[in-house]
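Structure record follows, encoded as structure tokens.
In what follows, chains carry the letters A, B, and so on, assigned in the order in which the sequence lines appear, proteins first and then strands, with residues in each chain numbered from 1.
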Protein chains: 2
Amino acid sequence: MRLTTKGRYAVTAMLDLALHEGKGPISLADISERQGISLSYLEQLFAKLRRNELVHSVRGPGGGYQLKRERGEINVAEVIDAVNESVDATGCNKTGSCQSGEVCLTHHLWCDLSDQIHGFLSGISLADLVHRHEVQEVAERQQRVMAQPEKLIASSVASAS
Amino acid sequence: MRLTTKGRYAVTAMLDLALHEGKGPISLADISERQGISLSYLEQLFAKLRRNELVHSVRGPGGGYQLKRERGEINVAEVIDAVNESVDATGCNKTGSCQSGEVCLTHHLWCDLSDQIHGFLSGISLADLVHRHEVQEVAERQQRVMAQPEKLIASSVASAS
DNA sequence: CAAGAAGCCTAGTAAATTAGTCGGAATAAT
DNA sequence: ATTATTCCGACTAATTTACTAGGCTTCTTG
């Protein structure tokens, strides 16, 4: 099991999409600027999100991505699963063949942990996150920064004149 | 955050130690055979476990390792922490400087997740695991296999004559 | 219709991590 | 003295992460 920048980026990007819902398709360039994630990397993540039916894409100018389902119907666990390949904590992928075909000493512990993590993350929808105070504050801050063109360049290129 | 074979091996080895407590020092060779973990790799893990005051070593023939504290006083979270470097799910190490000095959109989510995982794992002691039925069953199976010298070689070298 | 803005796709890559191996000391019981 | 053990450091193949680069496809618009 691993939870790295990859899964975190995916959830952050999906939340960005949820926050700007109703404004038509959101381009990856916008998300890249707002969230400070490399555009090409976002493309790769969204390829997986699209394959997993979490987002819907619109090509051409004015295009971008939209959530495929309502934000209340998308939970954090499936977003991470889509890009990572499961939040499973066992080494045997829950098959129970961890030690030469048989279960290892700690197999059940890792199963329990997996259930715990999955239960926690699948209980949180994008809608839940959108309604959180801290999320709204951060989103407002990001919008203020986006409104200042120089700051925007300074933060993405990391060099002020 | 990552939970891989490394942390799983460490917990498994510590549990093996807990199961064979009271029989004097347990050698890594024994643990290696019983749990199917490479001896050299175990050495590396135990170096960290020793540095973190989780085990106590006895050198020379008849030597080995023992739990430094009672098994009820050692929880799974600290074992994983000792070899991995924390079960933290945030990228900023909880400092909140995830996006150019400020908190990112999903910072609080990862903090909550970290607390969740840590709470779960720190609530489970080695003594708790020892008392579980499944653990006792696996331990008995391992002892039966250990008693058969040919099987022992077959499982570790993976070649039967 | 052409330009350009977007998504899409493939390939490559530096750095880090994992899960080891190998060889050799140091230490202590027999 | 021999031997079983911990201890220590260096090395390594494979994998993953977090990118970049380049080019192609699709669709809007001027």
N/O (side chain, A/Ser40) to phosphate O (OP1/OP2, D/dA18) under 4.0 Å:
no
Between CG of A/Leu3 and P of D/dT17 the distance, given in whole Å, is 11 Å
Evaluate whether atom CD of A/Glu43 has more than 12 neighbouring non-hydrogen atoms of other residues, nucleotides or ligands under 6.0 angstrom away.
yes
Within less than 4.0 Å of OP1 or OP2 of C/dA19, is there a side-chain N or O belonging to B/Thr5?
yes
B/Gln44 has an atom CD; how far is it from atom P of C/dT17, in whole Å?
15 Å
With respect to the phosphate group of C/dA19, does any side-chain polar atom (N or O) of B/Tyr41 fall under 4.0 Å of OP1 or OP2?
yes
Roughly how many Å is it from NE2 in B/His56 to C1' in D/dC7, rounded to a whole number?
14 Å
Of all heavy-atom pairs between B/Arg132 and A/Leu109, which one has the smallest distance, and what is that distance?
NH1-N, 4.1 Å
Answer yes or no: is there an ion pair linking B/Arg34 with B/Asp16, defined by an N-O contact shorter than 4.0 Å?
yes
Rounding to a whole Å, what distance do you find between B/Leu17:CG and D/dT6:C1'?
14 Å
Atom NZ of A/Lys6 and atom P of D/dT16: how far apart are they, to the nearest Å?
9 Å
Whole Å only: how far is the CG atom of B/Leu45 from the C1' atom of C/dT17?
14 Å
Rounded to whole Å, please give me the gap between NZ in B/Lys48 and P in D/dT6.
18 Å
Within the sub-3.5 Å range, which N or O atoms of nucleotides 3-9 of chain C have a protein N or O partner, and how far apart are they?
unit_1, atom_1, unit_2, atom_2, d
C/dG7, OP1, A/Leu28, N, 2.9
C/dG7, N2, A/Arg59, NH2, 3.1
C/dC8, OP1, A/Ser57, OG, 2.6
C/dC8, OP2, A/Arg50, NE, 3.4
C/dC8, OP2, A/Tyr65, OH, 2.4
C/dC8, N4, A/Glu43, OE1, 3.2
C/dC8, N4, A/Glu43, OE2, 3.1
C/dC9, OP2, A/Arg50, NH2, 3.2
C/dC9, N4, A/Glu43, OE1, 3.1

Phosphate OP1/OP2 of C/dT17 contacted by B/Thr4 side-chain N/O (<4.0 Å)
no
Please tell me if the side chains of A/Leu54 and A/Leu67 come closer than 4.5 Å, counting only heavy atoms from C-beta onward.
no
Let me know the distance between CG of B/Leu42 and P of C/dA19, rounded to the nearest Å.
13 Å
Without hydrogens or angle criteria, can the side chains of A/Asn75 and A/Ser125 be said to hold a donor-acceptor pair below 3.5 Å?
no
So, do B/Asp115 and B/His118 sit near enough that their side-chain heavy atoms are less than 4.5 Å apart?
no
Of all the heavy-atom pairs spanning B/Glu21 and B/Arg69, show the shortest one and how long it is.
OE2-O, 4.3 Å
